Novice: 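To start, I am sharing the structure in question, which I have written as structure tokens.
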Amino acid sequence: MDTGSIRPSGIARGIDLEKYRLRRFVERLIDMGEVDVHDDPVPLTALSEIIEANERAQLFRRAGPERAEIVAKTAGSRRRLTAAFDTTDEQLADSYFKRLSIPQAIVEIPSSDAPVHQIVIDGSDVDLTKLPFHPQHAFDGSSYISSAIDYTVDPISGRRNVGCRRLSLRNRYEAGTNVTAPSDLKRLYTACVARHERLPVTFTVGAHPLDFFAATTRREGDELALVASLRGEPTAVVKSVTNDILVPADVEMTLEGYFDERGYVEPEGPYGEYMGYYGAIHMNPVFHCTAITMRHDVLHHTVLHGSAFVLHQTDAGVIFAVQIEAAAMNVLRQVVRAPVSVYLLPVSGGMNNLRVSLRQRAEGEARKAITALFEAIRPLKHIYVFDDDIDIHDHNQVEWALGTRFQADRDLVIKTGMMGMTMDPSLEGRRTGAKAGFDATRPFGRESEITLMRCAAKKFARLARFQTVEQALVAAPKFYAELVEGMGGDDGREIASALDDLRQAGRLGRDRDGRYHLGSFRPGTTGIIGELYPDPNEGA
Ligand SMILES: Cc1cc2nc3c(=O)[nH]c(=O)nc-3n(C[C@H](O)[C@H](O)[C@H](O)COP(=O)(O)O)c2cc1C
């Protein structure tokens with residue numbers, strides 16, 4: 001195997017070629033305590049079990065017989081993504097949206113300056129079987145590289161496309177791939193096949209998490225430029241050695257080649273999919289590898305994909321969640337007056353279940369939000385809307401609100417015949433299905449009624465604003481704990497006695513919510529002001 005000469009890496013045309021290198025990002029994650037490092041040799045068959053069982057990113061220093069260095073789950077938590085975007089958790093979705101809107105330059109550098117061309121293996125030296133493809137789920141069809149990002153150019157329009165597609169090992173020069181789901185790549189490859197043409201492609205393997213955001217964002221225009229936008233800086237690209245595709249010059253490894261002109265000719269799969277089930281075998285194209293290029297100290301990369309019950313740790317689940325949260329907040333800002341926050345549960349497949357909290361400023365805003373979100377964001381399947389007193393990241397608060405504020409016959413919004421996600425097994429192969437919105441907000445305008453108020457211990461401040469209970473009630477009717485606080489005591493029993501003195505004197509009344517009032521009533525009894533709430537136990 002000719003591994004070529006080792007070339008320097010550093011700065012080219014003013015661009016730092018180390019800043020967005022995956023290895024540098026992993027070093028930062030190690031400093032943050034986000035990585036488990038395995039120094040002992042680990043066989044390739046053991047990788048997925050370890051990756052799936054541990055929440056942190058996993059770095060294996062000596063994987064497989066080649067003792068390859070391979071890292072997993074670099075995008076598998078919000079904390080890691082927050083580091084990738086250099087922002088805070090609260091700002092993450094907005095940061096993604098903001099970067100998307102700011103164009104950045106793509107700067108082509110020569111191969112001699114490109115770190116990813118430090119080693120070039122081409123011709124008959126190409127050997128995919130020496131790379132750390134590894135078994136990932138119990139019923140997968142082969143060993144996989146799951147972290148590949150594909151770069152292609154539409155031969156007709158010249159538009160550059162970027163996406164993520166897994167690669168399954170077939171032999172030294174070939175890998176299977178999955179271009180089954182609707183995608184821009186599928187469209188442009190199908191058109192090539194109709195013209196009996198190959199489609200050149202270069203995969204990068206070992207990319208910064210921001211590049212995955214670019215790869216999973218679909219848009220009409222040039223998607224190579226998205227990589228630079230997401231990085232928030234001009235990005236150096238290099239032309240592939242055996243085709244004309246430009247790819248980021250600072251990644252760890254590339255696999256160059258083409259999808260052949262035969263089209264969907266080989267069965268691919270099953271493979272664990274992002275909803276936690278297997279995708280069935282489908283006919284798919286074959287990738288032919290014409291060159292492997294890499295850094296001389298290449299860091300291999302794998303992602304956790306599709307493992308049920310830990311989807312919140314999968315790279316795709318966490319990435320999709322942030323993207324959908326950003327889109328949802330954008331929709332909400334247009335249709336309701338006071339959206340507060342959104343939370344897409346990655347464990348629901350990164351796209352199924354969205355929680356929303358808002359301050360309703362008009363009756364029906366919760367339902368308006370549900371309808372607008374379903375219309376704008378196709379992957380959403382269940383939307384739960386809460387008042388802003390609920391922390392939607394706290395499962396206890398969410399379950400409490402669902403259990404106590406939601407009536408299925410009144411608050412459930414069901415939409416039928418809606419476009420779903422083809423990977424959702426509950427659709428049983430259909431393209432359309434049902435979606436449900438859960439309006440778990442309190443009845444509009446009645447939030448301050450005592451029976452709709454959240455019950456919790458009073459946190460007393462020592463105010464001492466009044467000399468007597470009577471004085472306090474002259475100022476305004478008050479709840480018992482407000483009287484205790486207003487008198488500045490740290491006991492409370494003396495207030496009950498003072499209230500009883502007023503009661504005996506016929507001067508004490510109470511309203512339906514329980515506030516004490518001063519008034520004129522029958523001595524020895526508490527007067528009732530207004531009507532009490534109906535007794536739900538009456539007749540029971
Ligand atoms: C880690 C990861 C792996 C993925 N693997 C595949 C895959 O094998 N096949 C596929 O069709 N989509 C896959 N996706 C989703 C696509 O990359 C995504 O739909 C993308 O937007 C498609 O790009 P395109 O429409 O520009 O071609 C994957 C996404 C992630 C994050």
Side-chain angles (χ1 to χ4, degrees), residues 1-6 41-45 47-48 60 62-70 111 116-137 140-152 164-179 185 189 192-193 197-207 240-245 247 251-271 281 283-303:
M1 199 182 267
D2 173 14
T3 54
S5 57
I6 292 180
V42 180
L44 293 179
T45 49
L47 294 184
S48 286
F60 303 92
R62 293 195 286 166
E66 289 82 16
R67 301 289 186 251
E69 201 177 357
I70 181 165
S111 173
V116 75
H117 285 178
Q118 285 166 347
I119 295 174
V120 175
I121 305 162
D122 56 8
S124 59
D125 289 331
V126 166
D127 190 353
L128 293 175
T129 70
K130 293 284 185 288
L131 300 179
F133 285 82
H134 66 102
Q136 304 200 351
H137 313 97
D140 285 359
S142 182
S143 290
Y144 285 90
I145 286 183
S146 50
S147 57
I149 298 182
D150 49 90
Y151 291 79
T152 48
C164 290
R165 246 73 41 167
R166 86 206 52 159
L167 292 166
S168 68
L169 187 61
R170 286 168 62 82
N171 57 46
R172 280 183 66 144
Y173 308 107
E174 291 179 356
T177 185
N178 174 357
V179 195
L185 176 61
Y189 175 62
C192 281
V193 174
E197 288 171 11
R198 298 171 168 183
L199 177 67
V201 57
T202 296
F203 290 93
T204 65
V205 181
S240 302
V241 181
T242 55
N243 65 36
D244 290 338
I245 309 277
V247 294
V251 294
E252 300 288 336
M253 180 169 79
T254 72
L255 306 177
E256 301 181 0
Y258 59 90
F259 296 124
D260 70 48
E261 59 278 27
R262 295 176 301 153
Y264 287 68
V265 290
E266 276 291 306
E268 167 69 16
Y271 180 74
I281 291 184
M283 299 306 278
N284 264 288
V286 175
F287 165 67
H288 300 258
C289 187
T290 51
I292 300 171
T293 78
M294 60 179 82
R295 289 177 176 259
H296 62 80
D297 60 343
V298 59
L299 174 61
H300 293 279
H301 185 207
T302 187
V303 302

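Quick caveat: nothing in here was measured; it's all calculated off a predicted structure.
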Novice: Nearest 0.5 angstrom please: Thr242 OG1 to Ile292 CD1, how far?
Specialist: 10.5 Å
Novice: What are the two closest non-hydrogen atoms of Ala68 and His300, and how far apart are they?
Specialist: CB-CD2, 3.8 Å
Novice: Under the rule for ring-ring contact (aromatic ring centres under 6.0 Å, His included), what residues qualify as partners of His134, not counting sequence neighbours?
Specialist: none
Novice: Minimum heavy-atom separation for Tyr264 and Val179, please, with both atom names.
Specialist: OH-O, 2.6 Å
Novice: Less than 4.5 Å apart, side chain to side chain, heavy atoms only: is that true for Gln136 and Arg166?
Specialist: no
Novice: Would you please test Asn243 and Thr202 for side-chain hydrogen bond (donor to acceptor under 3.5 Å, both in side chains) and show each step?
Specialist: CA-CA 8 Å; Asn243 65 36; Thr202 296; 3.2 Å; yes
Novice: Please check this pair: side chain of Tyr271 against backbone of Ser142, looking for a donor-acceptor N/O pair closer than 3.5 Å.
Specialist: no
Novice: Checking side-chain contact (heavy atoms from CB on, under 4.5 Å) for the pair Leu185/Phe259: CA distance, chi angles, key distance, verdict?
Specialist: CA-CA 11 Å; Leu185 176 61; Phe259 296 124; 4.1 Å; yes
Novice: How long is the span from the OG atom in Ser240 to the CG atom in Leu255, to the nearest 0.5 Å?
Specialist: 10.5 Å
Novice: Sub-3.5 Å donor-acceptor pair from the side chain of Glu256 to the main-chain atoms of Val241, do we have one?
Specialist: yes
Novice: Any donor and acceptor pair, going by atom type alone, linking the side chain of Asp127 with main-chain N or O of Arg172 inside 3.5 Å?
Specialist: no
Novice: Search all heavy atoms of Ala207 against all heavy atoms of Ile149 and return the closest pair with its distance.
Specialist: CB-CD1, 4.0 Å
Novice: Is a side-chain donor-acceptor pair under 3.5 Å present for Glu268 with Ser168?
Specialist: yes
Novice: Taking atom CD of Glu174 and atom CG of Asp260, what is their separation to the nearest 0.5 Å?
Specialist: 8.0 Å
Novice: A side-chain contact here means heavy atoms from C-beta on lying under 4.5 Å apart; do Phe287 and Pro285 qualify?
Specialist: no
Novice: Indicate yes or no for a side-chain donor-acceptor contact from Glu252 to the backbone of His301 under 3.5 Å, with no hydrogens or angles considered.
Specialist: no
Novice: Check whether any side-chain heavy atom of Val126 sits under 4.5 Å from a side-chain heavy atom of Thr290, and report yes or no.
Specialist: no
Novice: Give the minimum heavy-atom separation between Phe203 and Ala148, together with the two atoms involved.
Specialist: CD2-CB, 3.6 Å
Novice: Spell out, as yes or no, whether a donor-acceptor pair under 3.5 Å connects the side chain of Tyr173 to the backbone of Gly123.
Specialist: no
Novice: Drop me the distance from Leu167's CG to Leu128's CG, to the nearest 0.5 angstrom.
Specialist: 8.5 Å
Novice: By ring-ring contact (aromatic ring centres under 6.0 Å, His included), which residues pair with Tyr258, not counting sequence neighbours?
Specialist: His288
Novice: Once rounded to the nearest 0.5 Å, what's the spacing between atom CG of Leu44 and atom CG of Leu131?
Specialist: 10.5 Å
Novice: Looking only at heavy atoms, what is the nearest atom pair of Val265 and Met283, with distance?
Specialist: O-CE, 3.1 Å
Novice: Is it the case that Thr302 and Ser147 place a side-chain donor and acceptor less than 3.5 Å from each other?
Specialist: no
Novice: Give me the atom names and distance for the closest heavy-atom approach of Thr129 to Asn171.
Specialist: CG2-C, 3.9 Å
Novice: Return the set of residues passing ring-ring contact (aromatic ring centres under 6.0 Å, His included) with Tyr151 (not counting sequence neighbours), or none when no residue passes.
Specialist: none
Novice: Gln118 side chain to His296 main-chain N or O, any donor-acceptor pair under 3.5 Å?
Specialist: yes
Novice: Rounded to the nearest 0.5 Å, how far does CG of Asp125 lie from NZ of Lys130?
Specialist: 11.5 Å
